[in-house]
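A, B, ... follow the sequence lines: proteins, then strands. Residue 1 opens every chain.
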Amino acid sequence: MSESSPLLAPPSTWEEFTEGLWKRNPVFVMVLGMCPTLAVTVSAVNSLSMGVATTFVLAASCFLVSALRKLIPKEVRIATYIVIIATFVTVTDYAIQAISLDLYEALGAYIQLIVANCLVLGRAEAHAARNPPLAATMNAIGMGLGFTLSLVMIGGVREILGAGAFFGFSLFGPNFQPWVVMVLPPGGFFVMAGWLLLFSIVRRRAQMRAQENERARAAAETSGACHGA
Amino acid sequence: MSASDNTPQVDAAAHATPTFTLLRALSVVSAICGLIIVGSYLLTLDRAKDNRRLASERAVIKVLPDAKSVKPWLALANGDVVPAGEGDPPTGAVRFYAAYDANGHLDGVAAEGAAKGYADTVRVMFGYRKACQCIVGFGVVSMRETPGIGDKIITDKDFLANFKALDVKLTEDLAGLANEVKVVKHGTKAQGWQIDAISGSTVTSRAVGKGINDAAQILLPRLVPKIDRLEKQ
Amino acid sequence: MTVEIRSAPHIKDDAGVVKIMRNVVWSLLPICGFYVWQYGVSALASLVVVTCACLAAEEFFLRLGRQSGDLGDWSATITGLLLALTLPPGFPLWMGAMAGFVAIGLGKAIFGGIGHNLFNPALVGRGFAQAAFPTAIATYTPSFLPDRFTDFIPSSLALPFMTPADTASWVAGLNIDGVSGATPLARWKFEGVIASNWDLLTSLSGHLPVGPSPLLILACGLYLAYRGYLDWRIPVAVLGSAALLAAALYPLNPQHFPDPGFVLFSGGLMLGAVYMATDMVTSPVTPLGMWLYGALIGALTVIIRYSGGLPEGVMYAILIGNAATPMIERITQPKAFGTEPTKETRA
């Protein structure tokens with residue numbers, strides 16, 4: 001993976017935003033935050049809600065961490081970050097209770113557990129603590145959307161096979177035969193593994209193609225140099 | 001995290017932060033966070049309460065379909081029956097719901113029971129009517145039973161038929177149920193107080209029976225002598 | 001003179017993967033034939049569809065992962081046939097195809113192809129089917145129905161992703177006396193009725209809803225063992241430990257615990273012991289390890305059957321045995337000659 005080195009210009013806001021969508025997708029590339037990824041993705045709606053909740057916590061925490069980064073001494077930074085993250089998790093918890101109790105019960109303890117999602121602390125520590133608020137927030141929103149997208153990709157497959165529906169809309173009619181395993185925990189592992197497999201195949205193909213291009217270009221340059229001499 | 005994300009290189013000894021700075025940072029952050037939490041709590045409190053009330057009303061109406069309005073009550077440990085107020089109920093109190101029909105007359109009483117199922121606790125809600133001294137409706141509040149096997153308790157017609165008139169008469173002295181609610185093997189129900197289990201989901205069926213029995217054993221002896229008090233509301 | 005040093009099994013033959021696998025397939029053919037005779041076109045369609053799904057999955061994953069191996073090594077065929085034999089004859093064909101695909105994909109391809117798998121692929125496929133379609137996989141139909149060569153069992157032909165037709169009412173509509181879809185194991189577990197050992201052993205009398213005859217499986221296994229294509233220790237250990245444990249428990253409560261014969265001849269124990277537990281890739285290679293592994297599987301089968309929620313336990317027992325194989329091999333490694341001069345070299 002190409003990494004922005006300190007010698008190059010700092011990444012643009014757009015690059016900050018898109019980083020989490022594909023290049024460093026939190027679930028399929030960094031494999032962070034597996035607990036909610038496997039636990040709440042029984043349906044697309046649950047996945048989307050969990051993703052949006054996490055995105056909110058991530059974006060708000062990263063904004064505040066970034067805004068206060070000059071004030072926070074490094075000795076107490078982890079304690080401060082956890083307090084900030086816990087604050088926004090609590091806010092999310094209240095908000096979901098006010099929006100829908102059914103959703104609250106479906107997501108269960110996993111809302112509170114966002115506080116322990118290493119994606120959030122990881123981003124606060126690795127990115128927000130040393131970038132200005134705009135860049136930090138954009139990056140966090142991108143990461144959050146990447147997380148949401150991954151969750152919906154897993155939850156969508158599980159809901160389609162496990163309930164014959166997508167976002168609650170029945171796809172196969174009343175005679176659909178549910179795949180019970182898909183709404184049980186092993187189903188989360190199966191679907192997660194399937195997506196990881198797909199992602200790694202795509203990445204490996206891309207890498208091989210890049211290598212071949214590199215080799216072809218090197219060959220062309222050598223031959224060109226020979227001709228020039 | 002990739003290797004390039006390591007923390008900025010700072011010489012710790014040269015930059016020892018004074019205690020005051022540490023305290024100031026923590027206080028400022030805590031103050032901000034405190035404000036945010038309290039603010040959002042106040043903003044969402046009413047909505048969250050409404051949601052809880054609606055959810056329990058919906059659950060009650062599912063087991064007593066004729067109900068038009070629902071009121072929470074408490075059956076206290078000393079045998080008294082009082083309307084449920086704000087805050088936590090006193091220890092030993094059992095919460096139940098009185099359901100009233102369109103004319104404001106008492107239709108029935110709904111209460112929750114819980115027992116250990118196959119995967120986790122199965123929480124059930126049941127409706128009770130005074131006239132027949134029986135359970136007339138049944139619903140599941142929450143469960144995590146195996147889909148397709150244990151969760152048949154909400155779809156299996158034969159099983160649900162058990163709760164059309166499940167006998168929960170009290171003994172003469174009103175101390176307990178005359179006959180314990182019992183789950184029996186599929187197809188062997190012979191008495192009004194027995195529940196015919198679903199074959200293949202015996203564990204979950206038993207949890208339902210035990211949840212109802214345990215709750216009824218405590219609630220009904222307190223409630224039945226005072227049930228007319230619910231009517232006056 | 002060249003001295004060839006090899007680990008067990010020492011087969012003085014030109015046996016390679018392909019030859020062994022081909023012989024296993026041949027030995028399975030009589031069993032499949034009998035199964036088709038029992039259940040007719042549904043069984044035939046199930047065998048064909050599941051095997052084709054396994055072959056298609058093998059081809060797909062070989063191309064995708066550029067792994068070694070090819071369809072000609074017969075291993076996917078064995079997986080398909082064994083998987084089909086462990087499924088009920090009226091198992092919807094589309095579910096059978098899914099199970100076959102998962103068997104190869106999840107059971108074999110992700111570990112790196114033939115020879116690298118940790119678990120028996122056929123049982124991984126069956127395990128998936130058990131977890132995904134618990135109702136369909138428990139739905140058996142009576143064998144030797146009069147119209148079996150012309151009529152499909154209705155559940156076989158369910159459309160993809162759709163719930164299969166109800167076979168219980170279909171069986172009731174056939175109006176044959178004393179016929180039901182409950183397997184002998186289910187009848188023992190849920191109704192306390194124990195079938196006769198001889199009926200179970202031959203699968204011939206009445207309309208018992210069971211898999212292929214244990215007697216036939218035993219005969220085919222004997223042939224394979226005689227030719228040296230499977231190690232006799234594993235089936236003997238599996239069946240022996242299951243029988244011993246059953247015999248020890250039987251006197252305690254004859255009403256609740258069946259006799260050892262019932263334990264041996266019912267369900268899939270015979271097929272599992274002879275054809276699945278002996279899979280060369282997923283079983284130990286040391287003789288002592290084979291005994292331990294077999295004993296573990298036999299004992300687990302009885303324990304799961306007696307105290308589990310489901311009537312059958314062979315599949316989980318073998319999968320657990322597969323998982324224990326690396327550990328069993330580690331503790332039963334023979335010491336290299338000369339490293340322990342005081343002790344006799346262990347087998």
Portion of C:L106 that has a non-hydrogen atom of chain A nearer than 4.5 angstrom:
side chain
Which atom of A:V180 lies closest to which atom of C:P134, heavy atoms considered
CG2-CD, 3.6 Å
C:W74 CH2: over 12 foreign heavy atoms closer than 6.0 Å
no
Locate the shortest heavy-atom distance separating C:M162 from A:F176; write the atom from each residue and the value.
SD-N, 3.9 Å
May I have the step-by-step check of side chain to side chain contact (heavy atoms under 4.5 Å, CB included) for C:F161 and A:N175, ending in yes or no?
CA-CA 8 Å; C:F161 296 105; A:N175 274 332; over 6 Å; no
Check whether more than 12 heavy atoms from other residues, nucleotides or ligands sit under 6.0 Å from atom CZ of A:F189, and answer yes or no.
no
Considering all heavy atoms of both residues, which atom of A:V181 and which atom of C:F128 are nearest to each other, and what is their separation?
CG1-CE1, 4.0 Å
Does C:Y293 have any side chain to side chain donor-acceptor pair (under 3.5 Å) partners at least two apart in sequence or in another chain, and if so, which?
C:N322
